[in-house]
Amino acid sequence: MGYRANSFYSERPGISNKQALSALGDRASSCHPSGSELDDRFKFYVYSRQEGVWPAEVSGHDPEKENAQYTAYEPLSNITANYPPTLLLHGKRDKDVPYEQSVLMVEQLEDNNVRHELITDPTWGHMFDAEGLGEPAVGAAFDKVLAFLDGHLRQ
């Protein structure tokens, strides 16, 4: 079940299948983990991204053989004129999710006359909101998020 290994995660030290599976634990959890439990779960995520098996691991479907199973979860495949107002924040240095994905989303939103806004910065990476706390550009982005929500939730 191969998909695509992520080059960003492949630069990290390798995680073995055994390490990844042991990180999951033996019980289902619906809460947000913290501390060592979060670190352990992140090992599973990194392994899945390094091996290109993340889509299959979280869905149980092979994206190459069962691509139709994913369509309902792909925003680009489901935008219509009834799509809700959408706010996107995306750094141009994101190595996890390609910036082009937000560009494609904006094109689809525009084609369907959906109200939207893209907030971006050429220096932001994937975790810009956590890594850049206290940075003026991140603070300004959060101000825009609040204004967007305020403007659309009050209607």
Side-chain angles (χ1 to χ4, degrees), residues 1-15 19-20 23-24 32-34 38-155:
M1 230 190 266
Y3 195 55
R4 283 178 244 135
N6 180 285
S7 61
F8 174 68
Y9 287 103
S10 294
E11 293 172 5
R12 293 173 170 266
I15 306 285
Q19 289 172 308
L24 293 180
H32 186 276
S34 61
L38 178 61
D39 292 341
D40 287 346
R41 289 186 183 191
F42 190 63
K43 287 178 189 173
F44 178 76
Y45 178 72
V46 170
Y47 165 80
S48 298
R49 297 299 304 273
Q50 287 175 338
E51 297 298 318
V53 297
W54 179 248
E57 289 292 335
V58 298
S59 71
H61 296 283
D62 184 333
E64 292 176 351
K65 296 177 183 169
E66 303 172 276
N67 194 286
Q69 296 290 331
Y70 293 87
T71 304
Y73 304 100
E74 296 172 345
L76 285 174
S77 300
N78 293 287
I79 297 174
T80 68
N82 295 324
Y83 207 77
T86 302
L87 175 65
L88 303 158
L89 288 94
H90 207 144
K92 290 186 176 182
R93 288 193 175 169
D94 191 331
K95 293 182 180 179
D96 194 355
V97 178
Y99 177 76
E100 292 75 23
Q101 291 298 307
S102 284
V103 172
L104 292 171
M105 187 76 171
V106 165
E107 289 172 2
Q108 285 292 320
L109 294 167
E110 288 175 354
D111 288 349
N112 286 279
N113 296 312
V114 175
R115 290 174 291 175
H116 66 280
E117 186 174 344
L118 171 61
I119 299 171
T120 189
D121 188 284
T123 64
W124 291 346
H126 186 71
M127 303 271 298
F128 74 90
D129 54 334
E131 296 166 355
L133 274 173
E135 295 285 327
V138 173
F142 286 143
D143 289 342
K144 289 180 181 180
V145 169
L146 294 174
F148 184 90
L149 293 171
D150 188 53
H152 293 288
L153 292 176
R154 289 185 189 260
Q155 293 181 3

Which atom names give the shortest non-hydrogen contact between Glu57 and Ser48, and what distance separates them?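 Looking at all heavy atoms of both residues, the closest pair is CG-OG, 4.0 Å.
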Judged by atom type as modelled, is there a donor-acceptor pair below 3.5 Å linking the side chain of Asp150 to the main-chain atoms of Leu146?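 Not at all, since once roles are kept as given, no pair shorter than 3.5 Å links the two residues.
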Rounded distance [0.5 Å steps], NE2 in His61 versus CD in Gln69: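 Atom-to-atom, His61:NE2 and Gln69:CD are 4.0 Å apart.
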To the closest 0.5 Å, what do you measure between CG (Asn67) and CG (Asp62)?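 Asn67 atom CG to Asp62 atom CG measures 9.5 Å (nearest 0.5 Å).
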Is there a side-chain contact between [X] and [Y] (heavy atoms, below 4.5 Å)?
X: Phe42; Y: Val46; result: yes
X: Lys144; Y: Leu89; result: no
X: His116; Y: Glu110; result: yes
X: Leu104; Y: Gln101; result: yes
X: Gln19; Y: Tyr47; result: no

Which residues share a ring-ring contact (aromatic ring centres under 6.0 Å, His included) with Phe128, sequence neighbours left out: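 Expected list: Trp124.
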So, using ring-ring contact (aromatic ring centres under 6.0 Å, His included) as the criterion, who are the partners of His90 when residues are at least two apart?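 Result, ring-ring contact (aromatic ring centres under 6.0 Å, His included) vs His90: Tyr99.
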List the atom pairs, donor and acceptor, that lie under 3.5 Å between side-chain atoms in residues 71-85 and the rest of the protein, sequence neighbours left out.
residue	atom	partner	partner atom	Å
Glu74	OE1	Ser77	OG	3.0
Asn78	ND2	Thr71	O	2.8
Asn78	ND2	Glu74	O	2.8
Thr80	OG1	Asn82	N	3.1

